[in-house]
Amino acid sequence: HHAGVPRGPTRIKAAMQWCYTTSLAKMAKPRAILPTPISGWLAAAGLVLRALADTSSSILCSDHTFSALFLLQERSSLLRKWYDLMIKNKDDLAKIITAESGKPLKEAQGEILYSALFLEWFSEEARRVYGDIIYTSARDKRALVLKQPVGVAAVITPWNFPSAMITRKVGAALAAGCTVVVKPAEDTPFSALALAELASQAGIPPGVYNVIPCSRKNATEVGEAICTDPLVSKISFTGSTTTGKVLLHHAANSVKRVSMELGGLAPFIVFDSANVDQAVAGAMASKFRNAGQTCVCSNRFLVQRGIHDAFVKAFAEAIKKNLRVGNGFEEGTTQGPLINEKAVEKVEKQVNDAVCKGATVVTGGKRHQLGKNFFEPTLLSNVTQDMLCSHEETFGPLAPVIKFDTEEEAVAIANAADVGLAGYFYSQDPAQIWRVAEQLEVGMVGVNEGLISSVECPFGGVKQSGLGREGSKYGIDEYLELKYVCYGGL
């Protein structure tokens with residue numbers, strides 16, 4: 001995806017060699033269904049699924065519960081061992097992320113730590129799956145509520161966090177006692193395969209964590225096969241709202257349990273009472289992490305008239321001073337390439353549309369000189385609500401600023417979307433903070449804070465941004481069924 005990226009140290013290639021040489025014939029209970037051999041360890045886009053029969057084979061291998069194989073204490077111990085191995089191999093895992101996605105190495109290292117923490121968290125939560133005893137109105141009856149694993153979980157993950165999106169789902173599933181079939185994004189399969197190797201080293205049995213990489217050409221067909229297979233009881237997906245709706249249709253035929261983290265259009269509101277320096281720091285963190293390619297990235301900057309000019313000036317200065325576009329492996333790089341040509345074209349289209357409708361380019365505004373998948377960090381002012389960047393998720397390094405006058409106007413603009421994943425605002429007014437936090441139609445709110453993700457806190461959205469929550473003490477519930485038992489004749 002980007003020019004001049006090294007092919008990676010021999011160490012990483014050796015760690016990944018198993019994924020080239022393992023054949024389906026060798027695996028009665030495969031952990032990863034892979035074509036063999038393939039040439040070039042960066043040839044992710046060239047991976048071709050051998051056959052849809054491989055998908056069915058992988059699901060068959062998962063057709064038992066992890067809880068039937070291991071007690072909760074043992075599940076907890078295996079997840080902890082997996083966590084320890086991730087920490088031990090964190091540098092190599094980070095290099096894989098940078099190599100396959102272009103993410104700056106420092107950010108990739110942060111993702112690996114974040115990823116590993118989900119395994120640690122759910123290794124602890126595995127021991128806290130509690131049921132209930134209910135006293136009924138009948139003297140001779142008692143009622144129990146049991147929590148049991150849903151069964152085989154299909155996990156479909158995106159390319160922007162190729163490690164964290166897996167551990168956040170798989171950690172919860174395994175803690176609950178489920179087995180999983182993971183279909184990683186076609187752009188970034190190697191992180192999933194590296195995690196599979198470490199899972200094997202941790203002692204997680206074959207058939208518990210299965211990986212099905214495939215090419216972009218086969219992604220739709222493979223996704224449908226996974227989501228319609230009768231042995232699959234649960235689907236967990238992170239990706240676009242459009243794709244999520246397709247998967248919901250697939251799941252509806254057999255009424256599968258579904259959790260989805262879909263697209264967003266995060267507002268970032270700066271009120272007149274805000275501390276400008278804090279707001280700019282939050283905007284930089286929220287907008288330009290992973291070159292703007294995160295689902296919780298600020299998409300629309302709403303700035304009150306009294307503070308507007310000072311904020312735009314300070315924001316532009318921070319962009320010019322602190323952001324450096326380049327090779328993700330190079331020291332000092334803060335902005336890598338976008339994931340592919342299509343992503344660059346989308347940002348370019350939004351910028352051109354905004355400028356044609358009267359927006360002003362404060363800084364950036366075009367493709368970067370480094371190559372076709374690089375785009376300059378861009379700040380636009382004089383943006384209006386009729387522009388594409390105001391109502392269409394960007395997924396790139398574009399920050400459009402809309403000026404507003406009143407709190408009511410800002411909340412109305414922020415909520416004028418059919419999605420609601422994350423929202424941010426800066427204010428020093430306690431009463432306003434309570435009002436706006438409660439009124440924003442999103443699943444997560446950052447108040448005077450631009451980075452909100454944490455393993456301990458529930459991640460998810462409202463409206464068309466998804467169903468269910470991930471992480472936190474609530475995340476494991478997505479993989480558990482409640483069973484009521486009535487015990488009579490007492």
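Aromatic ring centroids of Tyr209 and Trp82 lie under 6.0 Å apart.
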Query raised in the report: Could you go step by step and tell me if Arg324 and Thr334 meet the side-chain hydrogen bond (donor to acceptor under 3.5 Å, both in side chains) rule?
Result: CA-CA 5 Å; Arg324 178 178 177 270; Thr334 64; over 6 Å; no

Query raised in the report: How far apart are the C-alpha atoms of Gln464 and Lys245, what are their side-chain angles, what is the distance that settles it, and do they pass the side-chain hydrogen bond (donor to acceptor under 3.5 Å, both in side chains) test?
Result: CA-CA 9 Å; Gln464 293 187 35; Lys245 290 178 180 179; 2.8 Å; yes

Query - Intermediate values then yes/no, side-chain hydrogen bond (donor to acceptor under 3.5 Å, both in side chains), Thr238 and Lys169 - result: CA-CA 10 Å; Thr238 295; Lys169 299 172 188 292; 2.8 Å; yes

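Side-chain atoms of Lys287 come within 3.5 Å of backbone N or O of Ser298 as a donor-acceptor pair. Proximity of a side-chain donor or acceptor of Glu186 to a complementary backbone N or O of Asn218 within less than 3.5 Å is not detected. Side chain of Arg127 to backbone of Ser123: no donor-acceptor contact under 3.5 angstrom is found. Under a 3.5 Å cut-off, the side chain of Thr333 and the backbone N or O of Asn327 do form a donor-acceptor pair.
Here Leu265 contributes atom CG and Asn299 contributes atom CG; the two are 4.5 Å apart, rounded to the nearest 0.5 Å.
Within a 6.0 Å sphere centred on OH of Tyr114, other residues, nucleotides and ligands contribute more than 12 heavy atoms. Within 6.0 Å of the NE2 atom in His249, the count of heavy atoms belonging to other residues, nucleotides or ligands does not exceed 12. With a 6.0 Å radius and a threshold of 12 heavy atoms from other residues, nucleotides or ligands, Leu490 has its CG atom above the threshold.
Under 4.0 Å is where a charged nitrogen must lie from a carboxylate oxygen, and between Glu111 and Lys90 no such pair does. Between Arg80 and Glu120 a salt bridge is recorded (basic side-chain N to carboxylate O distance below 4.0 Å). Salt bridge annotation for Asp187-Arg216: present, with a cationic side-chain nitrogen under 4.0 angstrom from a carboxylate oxygen. Taking the charged nitrogens against the carboxylate oxygens, Lys147 and Glu481 have no contact shorter than 4.0 Å, which rules out a salt bridge. In summary, Glu441 and Lys463 engage in a salt bridge, as defined by a charged side-chain N under 4.0 Å from a carboxylate O. Ion pairing between Arg128 and Glu125 holds under the 4.0 Å rule for side-chain N and carboxylate O. With respect to Glu456 and Lys473, no salt bridge is recorded, no charged nitrogen being found less than 4.0 Å from a carboxylate O. The pair Glu478-Lys234 counts as a salt bridge, with a side-chain nitrogen and a carboxylate oxygen less than 4.0 angstrom apart.
Taking the ring centre of Phe395 as origin, the terminal cationic atom of Lys346 falls outside the region bounded by 6.0 Å and 45° from the ring axis. Taking the centre and axis of the six-membered ring of Phe268, the NZ or CZ atom of Arg300 falls outside the cone set by 45° and 6.0 Å.
The heavy-atom pair separating Glu224 from Thr228 by the smallest distance is O-OG1, 2.7 Å.
Residues Lys217 and Ser215 have side chains that never bring a donor and an acceptor to within less than 3.5 angstrom of each other. Ser191 and Glu100 share a donor-acceptor pair across their side chains, judged by distance under 3.5 Å alone. Donor-acceptor pairing under 3.5 Å is lacking for the side chains of Lys81 and Gln201.
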